[in-house]
Structure formats: C-alpha cells, structure tokens
A.B. asks: 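Okay, here's the structure, questions in a sec.
As the structure is a prediction and not an experimental result, all values here were calculated from the model. Computation of the quantities below employed the complete heavy-atom set of this structure, encompassing side-chain atoms and omitting hydrogens, waters and symmetry-equivalent molecules. Each chain gets a letter, A, B and so on, in the order its sequence line appears, and its residues count up from 1.
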There are 2 protein chains.
Amino acid sequence: MNRASTSEEEPRWLTEEEQRVWRSYVHAATLLEDHMDRQLQRDAGMPHVYYGLLVRLSESPQRRLRMTELAMHAKITRSRLSHAIARLEKNSWVRREDCPDDKRGQFAVLTEQGTEVLRRAAPGHVTAVRNAVFDRLTPEQQKALGEAMQIIAEGLQPNEAGADLPWLR
Amino acid sequence: MNRASTSEEEPRWLTEEEQRVWRSYVHAATLLEDHMDRQLQRDAGMPHVYYGLLVRLSESPQRRLRMTELAMHAKITRSRLSHAIARLEKNSWVRREDCPDDKRGQFAVLTEQGTEVLRRAAPGHVTAVRNAVFDRLTPEQQKALGEAMQIIAEGLQPNEAGADLPWLR
DNA sequence: AGAGGCTCATTGAAAATTAAACCAAACTGA
DNA sequence: TCAGTTTGGTTTAATTTTCAATGAGCCTCT
C-alpha cells in the first residue's frame with residue numbers, strides 16, 4: 001500500500017508550467033522571508049519568527065500561553081520554542097511562569113517591555129508587508145493567494161493523515 | 001522624503017481580510033518549508049536549500065557555476081554558500097575548482113556522486129511537492145499562485161530600487 | 001608603476017535551529 | 001498502589017546560518 005511512496009517507480013514529474021509555478025513560489029518565499037527577517041532584525045532586534053511569538057502572546061488572554069500551545073500556533077517544535085523563549089527572556093520581553101494546574105507546565109508571558117517593543121515595531125512591520133505584498137496585488141490576486149495557501153496549509157496540517165507532527169516528535 | 005518610512009506616523013493597518021491572507025501565507029509557507037526540509041533531510045541527507053544548490057548545478061553547463069553566480073540564483077549570501085559548499089564537499093557531492101580566467105574565482109562543480117544523490121532524491125521530492133501543492137490546487141489556482149508570487153518576487157528583486165542586496169552586503 | 005577601490009571568496013565566532021536524549025509530573029490500567 | 005506509558009518541557013550536542021573581518025586578485029586612474 002505504501003509501496004509507491006518509497007519505491008523506485010518513475011514519479012509524475014512536474015510539467016514546464018508547474019515548474020515555473022513552484023520556482024516562482026520558492027523564489028518569492030525566500031525573498032519575502034529574508035526581507036521580513038531583515039526588516040524586523042533592524043527595527044525590532046529580532047527575527048520574524050520571534051516577532052510572531054510576541055504577537056501571538058499579545059493576542060492571548062492575560063497575554064500568556066502555555067509553551068506547547070504557543071509552539072503549536074507558531075508551528076515550531078517545543079525545543080525551538082524553549083530556546084527562543086530563553087532568548088526573549090534575556091531581553092525581558094517575555095517571562096516564564098509556572099502553571100498552577102500542572103506542575104510540568106509553563107506559561108510564556110508577554111512583559112510590559114515586550115508589549116512596548118511590539119508597539120514600536122508593529123507599524124514598520126505592517127508597512128513592510130504592505131509594500132511587499134498588498135500594494136502590488138489586486139484584491140482578486142490577494143484573495144487567490146490566500147485561498148491557495150489556505151488549501152496548501154490544510155494538506156500539511158499535522159492532524160489527519162497522521163503525517164509528521166513537528167511539535168510532537 | 002524618507003520621513004514616512006521611519007516616523008511614528010500611524011501606518012495603514014491591515015484589514016481583517018488582508019490579515020487573513022497574510023496569516024494564511026505565513027502559516028502555509030512555514031509548514032511547506034518544514035515539510036520539504038524534513039522530506040529531503042530524511043531521503044537525501046540534506047536540507048532544502050542544499051538540494052536547491054545541487055539542482056542548480058546539475059542544470060548548469062558543465063554542471064558547474066561560479067560561487068557568486070550560484071549564490072545569486074539561490075538567493076543566499078556568499079558566506080552562507082561558502083559554508084554550504086564546504087559541507088557538500090565533505091560529502092563528495094560537490095568539488096571546488098579554480099577559475100582559470102580569474103584567480104580569485106572558484107567554481108562549484110557537481111560530482112558524479114552528487115549527480116547520483118540527486119537522481120535518487122528527485123523522485124521523492126517531486127512527489128512531495130506534488131502531494132503538498134499541485135494535487136490540491138486547480139490549474140487556475142496554480143496559475144494564480146504563480147502569478148502572485150511572481151509579482152511579489154519582482155518587488156523584492158535586489159536590482160532596481162537599490163534595496164537590500166543580500167549577497168552583496 | 002602603483003595607490004585606491006572593487007569584487008570574489010573564505011574565515012571564525014556568535015546566534016539560531018534541529019535532533020535526540022532526558023527528567024519529572026500526570027495518567028492508565030491491573 | 002504501583003509499573004508502564006504519555007505528556008510537558010528542557011538540555012546537550014551537532015548542524016546551519018548570520019555577522020563582521022580579512023585577504024587576494026582585478027581594475028582604474030594618474
């Protein structure tokens with residue numbers, strides 16, 4: 001049943017057109033991620049992923065989230081999150097707190113200073129996103145992009161199909 | 001003139017809809033990159049970027065490219081490429097060669113073994129891309145995705161607009 | 001010829017990420 | 001109750017990436 005996935009059979013190669021699409025995608029995704037990383041590194045002293053963590057915390061009740069929950073939202077491993085939070089803790093942008101209900105548990109809590117950093121970095125970030133993406137695409141193109149990515153994401157969701165579960169490995 | 005870009009002025013925040021699009025994008029892009037990295041790491045013993053380097057070399061005349069050229073195509077810094085090639089050289093998948101015309105220059109050359117690794121890894125990779133992307137999108141959606149990403153990439157091209165030049169920094 | 005400024009590429013150290021091992025607490029079932 | 005398993009999270013080491021500095025060769029201009 002799973003023979004096809006590991007066999008030597010000739011796969012269905014990508015057509016010219018599919019290749020163009022895939023390469024455009026990889027190309028743009030690389031450039032975009034680089035761009036955001038650099039912008040945030042310059043303006044806020046952290047990479048895009050870290051910024052995402054702070055944003056997520058800022059939107060959570062009590063501006064706090066359990067480690068695993070945060071990792072799931074951010075789609076990163078718990079290990080990576082541990083390291084990241086350690087770094088953010090050094091910056092005093094995040095603080096850890098024990099979970100009363102579960103003695104194994106930890107909360108990551110956004111500090112005042114973290115909130116402040118976010119407040120100052122947000123405008124530049126939105127502007128960067130707008131310049132790079134929304135100012136260049138028609139509303140239809142934006143919609144189409146969103147839909148396509150949505151579908152792709154669904155296919156890679158760790159639930160269903162029991163594929164790889166980054167944060168559960 | 002450049003005041004707006006660094007001032008404290010209120011930016012045009014993203015609308016609800018724009019946010020949804022942007023988050024879908026980031027979400028899917030993260031998942032996808034993770035997925036490819038893991039697939040290639042498992043099946044070919046290298047991350048996606050390294051695989052891209054080998055592919056690019058395999059498509060080049062004489063299966064070789066100058067370091068800077070390769071870095072540009074791959075959109076990575078020369079430094080990063082140096083390290084990457086060093087690693088690939090240890091695997092004997094790539095070999096360095098001096099450039100006769102320019103004594104500063106180096107070619108990265110895909111070896112026989114590199115070619116072989118590529119040959120064995122390619123089917124799995126195409127299949128992974130197909131499963132994750134093309135099997136899930138209609139031809140129209142594929143086209144739209146390609147176009148949107150194409151436009152975004154153009155806006156981030158290092159040439160014109162003299163923005164940041166990753167490999168020239 | 002040779003001073004000065006690029007360009008090509010590498011290096012070494014620091015930061016970030018991944019992979020795997022690990023510990024402690026919580027749960028499960030006999 | 002207690003052995004075995006799962007869950008939550010950290011730790012260590014290895015790999016990869018970034019950052020800043022360096023050096024050698026090319027190019028231009030005088």
A.B. asks: Can you tell me the distance, in whole Å, between the CD atom of B/Glu89 and the C1' atom of D/dT16?
C.D. replies: 17 Å
A.B. asks: Want to settle it: does B/Asp102 or A/Asp101 sit nearer the 5' end of DNA chain C, counting the closest nucleotide to each?
C.D. replies: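 It is B/Asp102, whose closest nucleotide lies nearer the 5' terminus.
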A.B. asks: How many Å lie between CE on B/Met67 and C1' on D/dG25, as a whole number?
C.D. replies: 17 Å
A.B. asks: Within the pair A/Thr68 and D/dG9, is there a side-chain N or O less than 4.0 Å away from OP1 or OP2?
C.D. replies: yes
A.B. asks: Would the base of D/dG9 count as contacting A/His83 through its side chain, where contact means a donor and an acceptor less than 3.5 Å apart?
C.D. replies: no
A.B. asks: Can you measure B/Lys75 atom NZ to D/dT17 atom C1' for me and round it to whole angstrom units?
C.D. replies: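 From B/Lys75 NZ to D/dT17 C1': 17 Å.
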A.B. asks: Starting at the 5' end of DNA chain D, which residue's closest nucleotide do you reach first, A/Gln41 or A/Gln106?
C.D. replies: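 Going by which nucleotide is closer to the 5' end, it is A/Gln106.
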A.B. asks: Should B/Arg78 be listed as having a side-chain N or O under 4.0 Å from OP1 or OP2 of C/dT7?
C.D. replies: no
A.B. asks: With distance as the sole criterion, do the side chain of A/Arg80 and the base of C/dT17 form a donor-acceptor contact below 3.5 Å?
C.D. replies: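 Donor-acceptor pair under 3.5 Å: no.
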A.B. asks: So, taking the atom named CZ in B/Arg56 and the one named CG in B/Leu53, what distance separates them when rounded to the nearest 0.5 Å?
C.D. replies: 9.5 Å
A.B. asks: State whether B/Arg119 and B/Glu116 are salt-bridged, where the test is any N-O pair (Lys NZ or Arg NE/NH1/NH2 against Asp/Glu carboxylate O) under 4.0 Å.
C.D. replies: yes
A.B. asks: I'd like to know if A/Ser79 reaches the base of C/dA19 with its side chain such that a donor and an acceptor end up less than 3.5 angstrom apart.
C.D. replies: yes
A.B. asks: Would you mind reading off the distance between B/Asp37 atom CG and C/dA16 atom P, rounded to a whole angstrom?
C.D. replies: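 Taking CG of B/Asp37 and P of C/dA16, I get 19 Å after rounding.
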A.B. asks: Side chains of A/Glu140 and A/Thr138: do they bring a donor and an acceptor to under 3.5 Å?
C.D. replies: yes
A.B. asks: In whole angstrom, what separates B/Lys90's NZ from D/dA14's P?
C.D. replies: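 Taking NZ of B/Lys90 and P of D/dA14, I get 13 Å after rounding.
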A.B. asks: Under a 4.0 Å threshold between the charged nitrogen and the carboxylate oxygen, would B/Glu112 count as salt-bridged to B/Arg63?
C.D. replies: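 The answer is yes: the pair qualifies as a salt bridge.
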A.B. asks: OP1 or OP2 of C/dA9 less than 4.0 angstrom from a side-chain nitrogen or oxygen of B/Arg66, does that happen here?
C.D. replies: yes
A.B. asks: So among B/Val55, B/Thr68, B/Leu65, which one has a side-chain contact (heavy atoms from CB on, under 4.5 Å) with B/His73?
C.D. replies: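 With B/His73 as partner, side-chain contact (heavy atoms from CB on, under 4.5 Å) holds for just one option, B/Leu65.
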A.B. asks: Output the rounded distance in Å from CG (A/Asp34) to P (D/dT18).
C.D. replies: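 These atoms are roughly 7 Å apart.
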A.B. asks: For A/Pro47 and for A/Arg104, find the nucleotide of DNA chain C with the closest heavy atom, then tell me which residue's nucleotide is more 5'.
C.D. replies: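 Result: A/Pro47.
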A.B. asks: Side-chain N or O of A/Tyr50 less than 4.0 angstrom from OP1 or OP2 on C/dA15?
C.D. replies: no
A.B. asks: Mind calculating the distance between CZ (B/Arg96) and C1' (C/dT10) to the nearest angstrom?
C.D. replies: 8 Å
A.B. asks: Rounded to the Å, how far apart are A/Arg87 CZ and C/dT17 P?
C.D. replies: 9 Å
